[in-house]
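My questions all concern the structure below.
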Amino acid sequence: MKVDGRHWRTIWLADDGRSVAFIDQTRLPHAFVTACARTLSEAADAIREMRVRGAPLIGAMAAYGLALALGEDASDSALDRAVATLAATRPTAVNLRWALDDVAGLVRQLPPARRADAAYRRAGEICDEDVAACEAIGEHGLALIRTAAHRKGTDERVNVLTHCNAGWLATVDWGTAMAPIYKAFDAGLGVHVWVDETRPRNQGAALTAWELGRHGVPHTVIVDNAGGHLMQRGRVDLCITGTDRTTAAGDVCNKIGTYLKALAAFDNEVPFYVALPSTTIDWTIRDGLAEIPIEERDPAEVTATVGRAPGGEVVAVTVTPEGTPAANYAFDVTPARLITALITERGVCAASAEGLGALFPDRGHSSSPGAEGARDPVNP
Ligand code: MRU
């Protein structure tokens with residue numbers, strides 16, 4: 001997407017053909033700064049410290065992280081160590097594991113001398129495939145926004161609520177949940193986005209608001225607890241979020257607070273869509289609650305918040321009494337029964353094993369005990 005008229009991706013190969021350049025998301029929205037990972041450990045740190053974040057993007061960085069590691073040492077044991085180091089950075093998003101398996105599986109078949117180049121090539125392909133998948137998600141989601149606009153039957157804009165940042169910053173380009181919104185805006189449809197602030201790290205207030213503002217998409221930041229109130233008053237036409245891991249039966253695991261939005265949407269009959277590239281599907285599991293590991297992060301992210309002081313300095317301020325215990329669960333699971341439909345690069349489907357199986361016959365399963373009661377994806 002464009003920043004001040006120039007097209008950017010979130011990650012790219014630097015001019016030396018070896019280092020991995022990226023937009024440092026810990027500096028946004030107050031500064032637009034790029035950085036470089038030159039070693040495996042710098043790539044792992046960038047993921048762990050959330051300088052790059054969002055499920056598809058950390059998969060891309062993990063792929064490049066392996067390439068950097070193989071440039072240092074291309075032996076089998078170094079490859080195993082690099083996979084373990086990168087896999088340990090963040091536990092929930094399955095794209096990370098998927099990218100590591102993909103690249104490691106490919107290079108293991110090659111002699112060590114050819115491994116680094118092959119890993120760089122494959123990492124580049126993974127980035128290009130993510131861009132294509134997200135753009136296709138945008139097209140499929142655009143059709144849903146068009147339907148919502150048609151249903152309203154007025155000149156009013158379509159109000160979409162989103163949680164966290166599932167925009168282009170969370171992917172290589174376009175985003176998942178935001179791709180349909182960019183497509184709708186670019187197509188001249190009237191859209192407005194309710195942006196959940198997304199405490200504790202404020203991915204909505206800091207990143208989604210920045211992205212939408214740069215693209216000129218009308219939006220309003222709301223506190224995390226406001227969505228239900230707006231839905232009760234008919235001020236949300238649909239919700240679209242991303243996901244960090246989707247089970248083969250359609251449960252999704254996304255940023256903490258997504259589940260509460262899905263509950264409110266269900267109670268108010270507001271369509272709740274989840275957008276994802278298929279690299280976010282974990283085909284080995286069905287029950288999100290039982291089987292997805294939930295990352296727990298430093299409680300300091302809850303007890304403090306970061307912002308720009310009136311003097312321009314970016315500072316962290318404490319918001320709780322000194323010594324207050326805090327817990328920082330980074331993700332929650334939304335059961336498939338609360339999801340109107342999944343928006344993938346191959347089209348829109350029910351959040352169920354049947355739905356996913358029909359779109360991905362090469363990967364999906366044929367029956368889902370959790371599918372009963374799922375809403376019709378086209379006519380929710
Ligand atoms: O902890 P984060 O900021 O990496 O969490 C990101 C999300 O929860 C996104 O919604 C998810 O990765 C889907 S983004 C395309």
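We count ligands from 1, going down the list as the structure has it; atoms in each ligand are counted the same way. Quantities reported herein were computed from a predicted structural model and do not represent experimental measurements.
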Acceptor/donor pairs from residues 118-128 side chains to any protein atom, 3.5 angstrom cut, sequence neighbours excluded:
unit_1 : atom_1 : unit_2 : atom_2 : d
Tyr120 : OH     : Arg18  : O      : 2.7
Arg122 : NE     : Asp102 : OD1    : 2.7
Arg122 : NH1    : Glu125 : OE1    : 3.0
Arg122 : NH1    : Glu129 : OE2    : 2.9
Arg122 : NH2    : Asp102 : OD2    : 3.2
Arg122 : NH2    : Glu129 : OE1    : 3.3
Asp128 : OD1    : Arg9   : NH1    : 2.9
Asp128 : OD1    : Arg9   : NH2    : 3.2

Gly257 versus Asp332, closest heavy-atom pair with distance: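 Closest approach of Gly257 to Asp332, heavy atoms only: N-OD2, 2.7 Å.
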Sequence-distant partners of Arg297, side-chain contact (heavy atoms from CB on, under 4.5 Å), two or more places apart: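 Result, side-chain contact (heavy atoms from CB on, under 4.5 Å) vs Arg297: Met50, Arg90, Arg201, Glu295, Glu301, Asn328, Ala330.
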Value rounded to 0.5 Å, distance of OG in Ser278 from CG in Leu342: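 Ser278 atom OG to Leu342 atom CG measures 12.0 Å (nearest 0.5 Å).
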Pairs involving residues 25-51, ordered by first then second residue, that meet ring pair (Phe, Tyr, Trp, His ring centres under 6.0 Å) (sequence neighbours left out):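 Residue pairs passing ring pair (Phe, Tyr, Trp, His ring centres under 6.0 Å), neighbours aside: Trp8-Phe32, Phe32-Trp210.
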Contact residues of ligand 1, where a non-hydrogen atom lies under 4.0 Å away: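 Ligand 1 pocket, heavy atoms under 4.0 Å: Met50, Arg53, Gly54, Ala55, Pro56, Arg90, Cys164, Asn165, Ala166, Ala170, Thr171, Thr176, Gln203, Gly242, Thr243, Asp244, Asn254, Lys255, Phe331.
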N-O pairing of Arg108 and Asp76 below 4.0 Å: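 No.
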